[in-house]
Amino acid sequence: MTILITGANRGIGRAMFDGYRDRGDKVIGTHRDAPSTDWIRLDVTDPGSAAQMAKDLVDTPIDLLVCNAGVFLDRGQSVADLTADTWAKEFAVNVTGVFLTVQSLLPNIEAAGGKIAIISSQLGSDTKAAGGNYVYRASKAAVLNFGLNLAADLKDDGIAVGIYHPGWVQTDMGGSSAAITPGQAADGLLDRFAELSVATTGCFKTWDGQDHPY
């Protein structure tokens, strides 16, 4: 089984990378500055970088693509603090970056009869609109919507798409007081990805297997 994980250099991405490697799977991690030959260089905001990745992997069927790369640039900012640049940069990674990654690797996924996992957040759910973190919430809602529509379009091709809330995790993004470790999140997510099938495509689930309202 071959898995590709974007943003796999740290946090949840690195924990998932290590988890798959420990299970004996072939796992490819991406990062803007690829640290070794086990990795692929990818700037998810750059169409040229995505195109180069596709060329590098042209003969590699991918059983599972995990779109994990993300940023949280507006933490704690008020409406008055926010700038158009923050909106543009955050959406470029969290939404357009997912699209470019899927677009570039779809032939590889089709070749394997594979599936796609998109890391969103419960903060993208309409049921969690408690105020604040406007850009992050909006970007995660947008990528949730993208995943749902992608699932509808790819179902007849036998490609399943799942969208996931990874939990509140002790990472640079989640903070040290978060509820679970990256390893716990990764273990749960790997189990969720294994369960994903065409029968459950379009699901929005938490790391520990709960169905999350959209």
Side-chain angles (χ1 to χ4, degrees), residues 3-17 27-58 60 62 64-77 81-110 114-124 133-151 153-154 159 161-166 169 171-174 182 185 189:
I3 300 100
L4 189 143
I5 304 171
T6 65
N9 59 302
R10 62 181 181 176
I12 302 169
R14 185 55 193 250
M16 290 190 290
F17 179 93
V27 57
I28 303 166
T30 79
H31 184 236
R32 287 181 305 241
D33 300 303
S36 74
T37 56
D38 295 329
W39 296 67
I40 292 285
R41 184 187 177 278
L42 174 64
D43 178 347
V44 297
T45 69
D46 179 3
S49 181
Q52 183 59 54
M53 175 181 66
K55 289 180 181 178
D56 293 340
L57 296 172
V58 66
T60 304
I62 294 175
L64 173 64
L65 169 63
V66 182
C67 295
N68 168 74
V71 294
F72 188 177
L73 304 178
D74 62 307
R75 184 196 306 276
Q77 295 185 11
D81 296 326
L82 293 175
T83 66
D85 188 56
T86 299
W87 281 91
K89 287 180 177 178
E90 202 153 341
F91 266 71
V93 175
N94 293 355
V95 187
T96 309
V98 174
F99 165 73
L100 290 174
T101 303
V102 170
Q103 182 186 51
S104 65
L105 294 178
L106 192 54
N108 306 72
I109 298 163
E110 291 171 338
K115 47 192 178 181
I116 300 167
I118 296 173
I119 304 301
S120 180
S121 169
Q122 67 176 3
L123 296 185
N133 303 321
Y134 300 103
V135 187
Y136 185 76
R137 289 178 185 273
S139 70
K140 290 302 185 179
V143 82
L144 170 59
N145 184 272
F146 169 65
L148 294 173
N149 284 283
L150 187 67
D153 283 339
L154 296 181
I159 296 173
V161 180
I163 306 98
Y164 301 92
H165 167 59
V169 188
T171 61
D172 291 344
M173 188 179 292
L189 289 169

Residue pair [X] / [Y]: nearest heavy atoms and the distance that separates them:
{"X": "Ala69", "Y": "Val44", "value": "CB-CG1, 4.2 Å"}
{"X": "Pro166", "Y": "Ile12", "value": "CB-CD1, 3.7 Å"}
{"X": "Gly29", "Y": "Ala8", "value": "CA-CB, 3.8 Å"}
{"X": "Ser104", "Y": "Ala50", "value": "CB-O, 3.6 Å"}
{"X": "Asn133", "Y": "Gly76", "value": "OD1-N, 3.6 Å"}

Contact check, side chains of [X] and [Y], non-hydrogen atoms, under 4.5 Å:
{"X": "Thr30", "Y": "Thr101", "value": "no"}
{"X": "Leu189", "Y": "Met16", "value": "yes"}
{"X": "Phe99", "Y": "Leu150", "value": "no"}
{"X": "Glu90", "Y": "Tyr136", "value": "yes"}
{"X": "Val93", "Y": "Leu73", "value": "no"}

Open item on the list: Once you measure the plane-to-plane angle for Trp39 and Phe17, does it fall in the parallel (<30°), tilted (30-60°) or perpendicular (>60°) bin?
Closed with: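 Ring orientation of Trp39 relative to Phe17: parallel.
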Rounded distance [0.5 Å steps], [atom1] in [X] versus [atom2] in [Y]:
{"X": "Asn108", "Y": "Leu4", "atom1": "CG", "atom2": "CG", "result": "8.5 Å"}
{"X": "Ile159", "Y": "Lys115", "atom1": "CD1", "atom2": "NZ", "result": "12.0 Å"}
{"X": "Asp74", "Y": "Leu82", "atom1": "CG", "atom2": "CG", "result": "6.0 Å"}
{"X": "Thr45", "Y": "Asn94", "atom1": "OG1", "atom2": "CG", "result": "11.5 Å"}
{"X": "Asn68", "Y": "Leu65", "atom1": "CG", "atom2": "CG", "result": "10.5 Å"}
{"X": "Leu144", "Y": "His165", "atom1": "CG", "atom2": "NE2", "result": "12.5 Å"}

Task: Residue pairs passing the salt bridge (Lys or Arg N to Asp or Glu O under 4.0 Å) test where at least one lies in residues 41-56, sequence neighbours excluded - done: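 Applying salt bridge (Lys or Arg N to Asp or Glu O under 4.0 Å) to every pair that reaches into residues 41-56, excluding sequence neighbours, yields nothing.
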TODO: Could you go through the side-chain contact (heavy atoms from CB on, under 4.5 Å) check for Leu154 and Ile109 one step at a time?
DONE: CA-CA 11 Å; Leu154 296 181; Ile109 298 163; over 6 Å; no
All N/O donor-acceptor pairs, side-chain side in residues 116-124, below 3.5 Å, sequence neighbours left out:
unit_1 : atom_1 : unit_2 : atom_2 : d
Ser120 : OG     : Lys140 : O      : 2.9
Ser121 : OG     : Leu123 : N      : 3.0

Open item on the list: Going by the rule side chain to side chain donor-acceptor pair (under 3.5 Å), which residues pair with Thr86 if we only count those two or more places apart in sequence or in a different chain?
Closed with: Thr83
TODO: Verify the distance criterion only: is there a donor paired with an acceptor across the side chains of Asp153 and Asn149 at less than 3.5 Å?
DONE: no
